[in-house]
Amino acid sequence: MVVEHLSKHFGERIAFDDVSFEVGVGEVFGFLGPNGAGKTTTVRTLGTLIAPSSGSAIVAGIPLSPKNGPAIRSRISMMPESPGLYLRLSVRENLECFAGLYRLDDVRGRIGRALGAVSLEDRARDLCGSLSKGLRQRVGLARALLNDPAVLFLDEPTSGLDPVATREVHELIASLRERGVTIFLTTHRLEEAERLCDRVAILNTTLRLIGRPDELRVQLFRRSVDVRLRAPLDDPETVFGAVADVERWEQTPSGYTLAVSDPDLVAPALARALVAADADILSLAESHHSLEDVYLELVDEDVEAKSP
Amino acid sequence: MSFSWTRVGAILHKELRDYRRNRFVIATMAATPVLFIALPTIQLIAASTTGKAVNLRVGLSLLYMLVIPVIMPSVISAYSVAGEREQGTLEPVLTTPIRREEFLIAKALAAFVPTLVVAYAVFGIFLAIAALFAHPVIVSAIYAGTHVLVQLLFTPLLAGWAVWVGIAVSTRTTDVRAGQQLSVLGSAPPLVVIALMSLNVITVSTALAIVLAAALLAFDLLAWRAVAAMFDRERLVTGNRGRSTAGR
């Protein structure tokens with residue numbers, strides 16, 4: 001999937017603007033952003049439900065254009081946040097309807113395999129209206145797998161699921177990745193994106209950042225070392241100031257955080273300096289910034305930029 | 001990708017399965033025949049057998065029959081798109097390769113076919129009851145003139161008009177009930193002409209009946225074209241008018 005300078009405006013309102021990225025075959029690509037950032041509109045645009053205002057894209061190897069809409073839609077699958085099942089129809093009947101819409105052959109076999117992938121073979125005859133939210137989500141996933149899509153768009157696939165159901169969905173996404181399915185995952189769950197995605201993009205109307213989660217941390221945060229001691233130092237400036245490569249330090253509720261260029265290089269000298277100062281060291285390690293830290297840093301920057 | 005009857009069949013099959021389990025649709029389909037057989041039959045059996053009153057009674061009774069293909073499809077088709085949107089099932093369907101023509105024809109057939117079955121069945125039952133219980137003068141009045149031709153010809157044409165009006169309303173409304181009321185209202189105008197024919201205000205020859213039927217057929221085709229042009233995936237999904245590029 002290749003997206004180049006794609007924008008969508010609804011009159012004066014900008015849904016997303018000048019978005020460019022590429023997603024490789026078999027990649028799990030996370031699409032993050034606050035509410036109203038334009039994530040769902042981007043997905044709908046790439047899924048040919050919405051026409052872009054400007055820019056271009058290639059989806060599942062096919063250029064995005066009105067003429068190619070049906071061809072693109074036959075090679076992709078989209079699962080919206082709410083699975084949107086026909087509640088008066090059984091699980092099998094729901095899947096049969098969509099198998100017809102994709103004009104699939106071996107309908108029985110495909111339905112069996114799709115239900116097997118989400119462990120729902122024994123619920124095929126149940127009416128969808130009688131299923132729990134988690135089970136409906138799994139039926140939605142089974143439906144999305146029916147046509148063996150080249151690109152699978154998942155919009156908040158674990159929204160409202162309990163931890164067990166969430167883990168099952170994560171396992172399913174991991175198995176799809178192994179099968180070479182390209183997955184475009186829109187999520188609010190940052191730990192989910194960090195765990196599942198090869199790369200993530202953070203959108204807030206414009207694309208703010210894109211890369212592997214560990215790359216984003218490096219891009220956004222300076223490297224640092226966290227030090228936890230049994231008791232605060234009497235004169236931290238003297239201790240830390242004597243260690244080469246410590247650029248600055250600050251006291252935190254749990255100890256000290258030191259900005260450094262290379263934690264591996266600084267750690268031994270720092271440990272010696274602390275021992276020399278009679279400090280009882282509880283821990284000394286490189287600071288770990290989660291994807292959530294990256295996300296919040298960016299969103300906070302945007303909020304600050306917008307405030308007068 | 002070309003037009004596919006498989007995709008039309010998938011939606012149609014799903015709709016018919018859904019109707020069977022939808023109490024509202026079942027109640028509408030069951031109540032309509034009962035209502036539209038009972039009233040005209042009583043009127044016919046109790047009718048006077050002399051003079052102009054016979055023709056008037058027969059015309060009025062047969063007019064009831066033609067209300068079925070107006071009311072029933074407009075109620076069902078007004079639900080067709082708005083109902084899916086309300087349930088959240090529209091977006092998953094629109095993300096499949098289905099083309100707008102396939103989607104619209106499937107939705108139209110899902111309202112049209114049951115209507116035709118019910119309307120013709122009611123008419124058949126009405127004729128049978130009339131043959132068994134009505135006075136021979138009334139029975140011969142039913143078969144005289146163009147009454148039967150009008151029934152056979154105008155039932156599908158009125159239903160077609162009502163279906164497209166209902167779907168047009170359904171693509172633009174977010175409230176199913178309001179859509180159904182508007183749809184019934186929009187489907188009624190052709191019935192005025194039929195009423196004038198049934199009540200002998202307009203004397204109908206076979207030729208005139210065929211001309212009027214051809215005119216209604218032309219309106220039906222125009223309505224189909226208009227509804228297809230109005231079908232806008234972007235508007236259906238977001239509520240905003242889309243550029244023509246997302247329409248297919």
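Note that the structure is a prediction, hence the values are computed from the model and not measured.
Rounded to the nearest 0.5 angstrom, A:I76 CD1 and B:T95 OG1 are separated by 7.0 Å. Taking CG from B:L236 and CD1 from A:I50, the interatomic distance works out to 11.5 Å, rounded to the nearest 0.5 Å. One finds the CE atom of A:M78 at 6.0 Å from the CD atom of B:E91 (value rounded to the nearest 0.5 Å). Note that OH of B:Y19 is 10.5 Å distant from CZ of A:R88, once rounded to the nearest 0.5 Å. To the nearest 0.5 angstrom, A:E93 atom CD is 9.5 Å from B:D18 atom CG.
Contact annotation for A:L89: both backbone and side-chain heavy atoms come within less than 4.5 Å of a heavy atom of chain B. If you measure heavy-atom distances from A:R75 to chain B, you find no contacts under 4.5 Å at all. B:V93 touches chain A through backbone and side chain together, each having a heavy atom under 4.5 Å away. Of the atoms belonging to B:E102, not a single heavy atom falls under 4.5 Å from chain A. For a residue to count as touching a neighbouring chain, one of its non-hydrogen atoms must lie under 4.5 Å from one of that chain's; by this rule A:F98 touches chain B with the side chain only.
Residues A:A51 and B:E234 come closest through the heavy atom pair N-OE1, 3.0 Å. The two residues B:R99 and A:P70 come nearest to each other via the heavy atoms NH1-CG, 3.9 Å. Closest approach of A:T48 and B:R233 over heavy atoms only: O-CD, 4.2 Å. Nearest heavy-atom pair across B:T89 and A:G84 is CG2-O, 3.4 Å. Between A:G100 and B:R7, the shortest heavy-atom distance links the atoms O-CG, 3.6 Å.
Looking at A:L101, A:L146, A:N147 one by one, the single match for side-chain contact (heavy atoms from CB on, under 4.5 Å) with B:T96 turns out to be A:L101.
Looking only at heavy-atom pairs under 4.5 Å with chain A, the residue among B:V8, B:L90, B:I11, B:L94 that has the most is B:L94.
In the displayed structure, A:R13 atom CZ is contacted under 6.0 Å by more than 12 heavy atoms of other residues, nucleotides or ligands. Around the CZ atom of B:F219, the shell of radius 6.0 Å holds no more than 12 heavy atoms that belong to other residues, nucleotides or ligands. Applying the 6.0 Å contact sphere to CD of A:E22 captures no more than 12 heavy atoms from other residues, nucleotides or ligands.
Contact check for B:R21 versus A:Y86: no side-chain heavy atoms found under the 4.5 Å cut-off. For the pair A:P83 and B:P92, the minimum side-chain heavy-atom distance is 4.5 Å or more.
Side-chain atoms of A:R73 come within 3.5 Å of backbone atoms of B:I98 as a donor-acceptor pair (strictly under, hydrogens ignored).
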